[in-house]
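Within every chain, numbering begins at 1; the chains are lettered A, B, ... in the order of the sequence lines, protein sequences first and strands thereafter. Please read all numbers here as calculations on a predicted model, not as lab measurements.
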Amino acid sequence: MTDTDRPEPPPHFIRTRIRKDVETEVVQQVVTRFPPEPNGYLHIGHAKSIALNFAMAEEFGGRTHLRFDDTNPMKEEQRYVDAIRDDVGWLGYEWARECYASDYFEQLYAWALHLIDQGLAYVDSQDADAIREQRGTLTEPGRESPYRDRPPAESRDLFERMRAGEFPDGAHVLRAKIDMAAPNINLRDPVLYRIRHQHHARTGDAWCIYPSYDFAHGQSDAIEGITHSLCTLEFEDHRPLYDWLIEHLPVPARPRQIEFARLNLDFTVLSKRRLSRLVDEGHVDGWDDPRMPTLAGIRRRGFTPASIRNFCTEIGVTKSESVIPFGALERNLRDDLNVRAPRRLAVLNPLKVILTNFPDDETEWLELPNHPQNPDMGTREVPLSRELWIEAGDFMIDAPKKFFRLKPGGEVRLRGAFIVRCDEVVKDDSGNVVALHCSFDPDTRSGQPGADRKVKGTIHWLSAEHAVRAEVRLYDRLFSVPHPAADKDRDFVEHLNPDSLQVVSDARIEPGVEAMAPGTHMQFERTGYFVVDRDSTPDAPVLNRAATLRDTWSKIEKQLR
RNA sequence: UGGGGGAUCGUCUAGUGGUAGGACUACGGACUCUGACUCCGUCAGCGGGGGUUCGAAUCCCUCUCCCCCAGCCA
């Protein structure tokens with residue numbers, strides 16, 4: 001945890017509930033779990049759940065398990081297990097135990113037998129279509145299966161033979177015997193086990209029957225001694241089934257499921273299905289494309305673990321569905337990086353400036369602070385020479401009154417250096433500005449007595465001779481509408497923002513930046529927060545823009561129009 | 001029209017019978033060698049209608065709107 005973590009989290013209903021359970025000694029030690037299915041990459045929505053589970057255990061002196069809900073070998077892969085482990089660790093959390101639902105297959109099987117023997121479960125030998133057809137609808141009750149009253153001994157025999165591999169996929173299924181007329185569809189004899197002759201990443205070919213989510217999840221919680229099983233709202237309907245199984249099985253503990261609203265972010269999508277499509281159809285560059293809301297993506301984009309943890313605390317935990325502005329995530333990044341990112345100079349769209357009164361062959365080394373508010377972060381030497389690059393946008397020929405940057409005849413301070421005056425504008429044949437002739441005032445060197453002369457504007461710059469060419473990738477929101485998935489008339493990919501990635505191939509960066517390791521964060525002054533991409537090499541540096549700085553000028557500029 | 005949830009400033013979120021509070025955004029200002037940061041200030045809300053009560057966001061009735069559920073996915 002870092003010093004930018006906020007100390008006092010606001011109260012929410014889950015914290016209140018757990019506190020009560022602790023105070024009334026319903027539980028002695030709080031145990032939570034984060035239970036991903038290893039069938040895809042984690043996204044920012046998972047971060048909310050991760051943060052909640054770990055925070056609750058930590059606050060009450062308990063522990064958290066990382067449990068892979070690997071009950072469906074058709075979808076799950078080891079590489080996702082590895083990626084999930086990386087992501088949770090990257091966020092800064094340490095799980096007390098790493099668990100797998102598949103570790104409990106033998107116990108789960110024994111409990112299934114127990115239900116059968118009690119007359120609480122039966123083997124149904126119909127196919128999926130028949131079962132679906134009998135389930136009823138939202139308004140009509142279901143009909144009982146013809147196999148519902150099969151004697152327990154017969155079900156047991158069949159179930160044992162299912163395990164032994166005597167039947168093909170789909171031939172039989174184990175169902176709980178609850179109530180086909182229940183208004184809650186989850187209680188209409190839900191499927192507990194299905195046959196899948198499928199290799200499992202962990203159990204190999206040991207099993208050809210696999211428990212369903214409903215049968216595996218609560219019992220896994222009980223086995224691990226999970227006290228509070230926190231999940232999202234769509235499982236609220238499953239709680240009666242969760243409780244039914246716990247009550248009818250000789251489980252060693254009594255976990256309780258509590259549901260909260262999942263995270264929604266605007267201008268993106270957060271469902272595995274849609275994220276997969278973006279990857280599979282090539283709309284993005286992979287699961288860790290910096291535009292993706294996956295943890296791998298936003299990490300590559302340059303987001304920090306602390307900023308995400310703070311974000312998760314800030315948004316709170318409730319049962320009401322909400323949509324959080326993407327900007328809230330960015331603000332948390334800025335808050336974090338503002339404090340700890342060293343400052344550097346970079347020019348994205350270079351315009352040549354010639355300091356006419358600066359010696360032709362000289363280099364002056366200026367000492368610039370790495371952080372304006374934090375001297376502990378030290379200083380660095382930055383070269384200045386006769387020819388410079390400045391940001392093209394920092395010069396205007398016909399500048400409005402409120403434009404504080406360079407204009408013909410005007411003065412501006414070069415950050416950390418001198419005040420310069422624009423004496424002459426050099427244009428090409430078509431009238432484009434190609435260079436500026438400026439003169440500098442040697443008395444105004446930063447840190448010297450004459451430096452307190454005030455000018456309105458300060459701009460960043462780079463020595464043309466020393467600046468390093470770099471590729472800079474500017475990222476913007478992935479979609480151009482706030483709720484791309486909400487449009488019922490159009491496919492969400494039609495709302496993709498065509499300008500979500502802008503590659504600047506000939507940007508210039510301050511010498512030294514090219515040598516920084518991938519993953520290093522910095523602020524390019526007046527431009528934004530950047531991170532060295534994993535594609536970067538000292539010979540071909542690549543920087544990703546994680547977030548811009550707040551830009552008051554652009555607002556003023558808009559108002560002027 | 002079966003069941004399960006949810007509705008408080010633009011956004012997120014406190015408040016469970018006693019002056020609706022905070023954060024973010026927006027806006028205004030101060031500061032500034034980053035139009036950043038920081039600081040100060042301002043605007044802004046209980047889905048509708050009834051009822052109970054001295055007093056209702058909170059309790060009761062009713063209406064409306066939104067989300068989830070008919071996988072051998074999780």
Side-chain angles (χ1 to χ4, degrees), chain A residues 6 10-12 35-37 39 69 71-72 74-76 124 126-129 131-133 135-142 169-170 172-175 181-188 190-196 209-210 212-214 216-217 231-240 259 261 266 272 314-325 327-328 331-332 334-335 338-339 343 345 368-369 371-373 402-405 412-419 444 446-447 451-460 523-528 548-557:
Chain A
R6 275 158 208 153
H12 56 65
E37 183 189 16
N39 69 342
D69 225 336
T71 58
N72 185 357
M74 302 188 75
K75 295 184 171 182
E76 297 150 6
D124 194 333
Q126 303 180 100
D127 63 21
D129 287 341
I131 291 174
R132 175 167 40 248
E133 196 263 325
R135 186 154 23 233
T137 68
L138 296 179
T139 52
E140 306 157 36
D169 288 10
H172 307 280
V173 88
L174 183 72
R175 291 227 262 169
N184 180 343
I185 294 177
N186 294 301
L187 263 17
R188 319 237 263 229
V191 169
L192 266 24
Y193 266 92
R194 68 285 216 203
I195 301 172
R196 288 249 208 286
I209 58 172
Y210 292 93
S212 64
Y213 164 84
D214 285 306
H217 202 96
C231 64
T232 44
L233 253 26
E234 66 268 27
F235 292 103
E236 215 152 9
D237 282 349
H238 292 246
R239 180 152 33 97
E259 310 84 11
D266 63 9
K272 274 182 190 170
E314 179 181 290
I315 58 177
V317 179
T318 67
K319 293 187 73 141
S320 56
E321 317 113 44
S322 56
V323 183
I324 311 289
R331 178 172 40 72
N332 276 283
R334 292 190 194 106
D335 286 349
N338 177 47
V339 175
R343 310 291 127 122
L345 301 177
L368 265 67
H371 194 289
Q373 278 89 33
K402 287 186 174 175
F403 186 80
F404 299 151
R405 284 109 86 151
V412 76
R413 173 171 287 280
L414 297 180
R415 178 72 163 159
F418 304 91
I419 292 174
T444 59
S446 291
D452 47 358
R453 182 154 82 83
K454 302 288 182 202
V455 286
K456 262 296 194 184
T458 299
I459 64 172
H460 56 279
Q523 184 201 94
F524 286 149
E525 295 208 40
R526 305 209 311 130
T527 303
T548 61
L549 257 29
R550 270 189 69 202
D551 188 359
T552 309
W553 166 245
S554 70
K555 283 181 201 164
I556 298 170
E557 208 175 17

Considering all heavy atoms of both residues, which atom of Arg415(A) and which atom of Leu345(A) are nearest to each other, and what is their separation? CG-CD2, 4.4 Å
Just checking Arg343(A): base, sugar-phosphate only, or nothing, at a heavy-atom cut-off of under 4.0 Å? base
The side chain of Leu549(A) is closest to which nucleotide in this list: rA36(B), rA74(B), rG2(B)? rA36(B)
Can you tell me which nucleotide in rA74(B), rG2(B), rC72(B) comes closest to the side chain of Val173(A)? rC72(B)
Is there a side-chain polar atom (N or O) of Arg239(A) under 4.0 Å from OP1 or OP2 of rC68(B)? no
When Thr458(A), Val455(A), Leu414(A), Val412(A) are each screened for side-chain contact (heavy atoms from CB on, under 4.5 Å) with Ile419(A), the one that passes is Val455(A)
Quick test: give all pairs of protein nitrogen or oxygen and nucleotides 12-16 of chain B nitrogen or oxygen below 3.5 Å, distance rounded to 0.1 Å.
from: rC12(B); atom 1: OP1; to: Val323(A); atom 2: N; distance (Å): 3.3
from: rC12(B); atom 1: O2'; to: Ile315(A); atom 2: O; distance (Å): 3.0
from: rU13(B); atom 1: OP1; to: Thr318(A); atom 2: OG1; distance (Å): 2.9

Between the base of rA36(B) and the side chain of Gln373(A), is one N or O donor paired with an acceptor at under 3.5 angstrom? yes
Separation between OG of Ser212(A) and NE2 of His217(A), rounded to the nearest 0.5 Å: 12.0 Å
When you get a sec, tell me which of rA36(B), rG35(B), rG3(B) is the closest nucleotide to the side chain of Asn184(A)? rG3(B)
Could you list all N or O pairs between the protein and nucleotides 42-45 of chain B that sit under 3.5 Å apart?
none

Phosphate-side-chain proximity, Arg413(A) and rU34(B), N/O vs OP1/OP2 below 4.0 Å: no
Look at the side-chain N and O atoms of Lys555(A) and state whether any lies under 4.0 Å from the OP1 or OP2 oxygen of rA26(B). yes
Presence of Arg550(A) side-chain N/O under 4.0 Å of rC37(B) phosphate oxygens OP1/OP2: yes
Short side-chain N/O contact to rC37(B) OP1/OP2 from Arg526(A), under 4.0 Å: no
Is Tyr213(A) stacked against the base of rA74(B), taking the criterion as centroid distance under 5.5 angstrom and interplanar angle under 30°? no
Applying the 3.5 Å cut-off to both distances, the Watson-Crick or G-U partner of rC59(B) turns out to be rG51(B)
Looking at rU34(B), rA74(B), rC37(B), which one has an atom nearest to any side-chain atom of Asn338(A)? rC37(B)
Let's see if you can work this out: which of rG71(B), rU34(B), rG3(B) has an atom nearest to the side-chain heavy atoms of Arg415(A)? rU34(B)
What is the distance from atom CZ of Arg526(A) to atom CH2 of Trp553(A), rounded to the nearest 0.5 Å? 11.5 Å
Can a donor-acceptor pair under 3.5 Å be found between the side-chain atoms of His238(A) and the base atoms of rA74(B)? yes
Backbone N/O of Pro190(A) and side chain of Arg135(A): donor-acceptor pair under 3.5 Å: no
Ignoring backbone atoms, test whether Arg132(A) places a side-chain nitrogen or oxygen under 4.0 Å from the OP1 or OP2 oxygen of rG71(B). yes
Which base, if any, makes a Watson-Crick or G-U wobble pair with rC65(B), both distances under 3.5 Å? rG6(B)
Among the candidates rG35(B), rA36(B), rA70(B), find the nucleotide nearest to the side-chain atoms of Pro372(A). rA36(B)
Residue Glu37(A), side-chain heavy atoms: nucleotide from rU34(B), rA36(B), rA74(B) that is nearest: rA74(B)
Selection from rG35(B), rG5(B), rC72(B) that lies nearest to any side-chain heavy atom of Asp127(A): rC72(B)
Just checking Gly528(A): base, sugar-phosphate only, or nothing, at a heavy-atom cut-off of under 4.0 Å? nothing
Considering only rA74(B), rG3(B), rG35(B), which nucleotide approaches the side chain of Asn72(A) most closely? rA74(B)
Basic-acidic side-chain contact under 4.0 Å: Lys75(A), Glu37(A): no
In rG71(B), glycosidic geometry as syn within 90° of 0 or anti otherwise: syn
N or O in side chain of Ser212(A) less than 4.0 angstrom from rG71(B) OP1/OP2: no
Of all the nucleotides listed (rG4(B), rC72(B), rG35(B)), which has the minimum atom distance to the side chain of Asp237(A)? rG4(B)
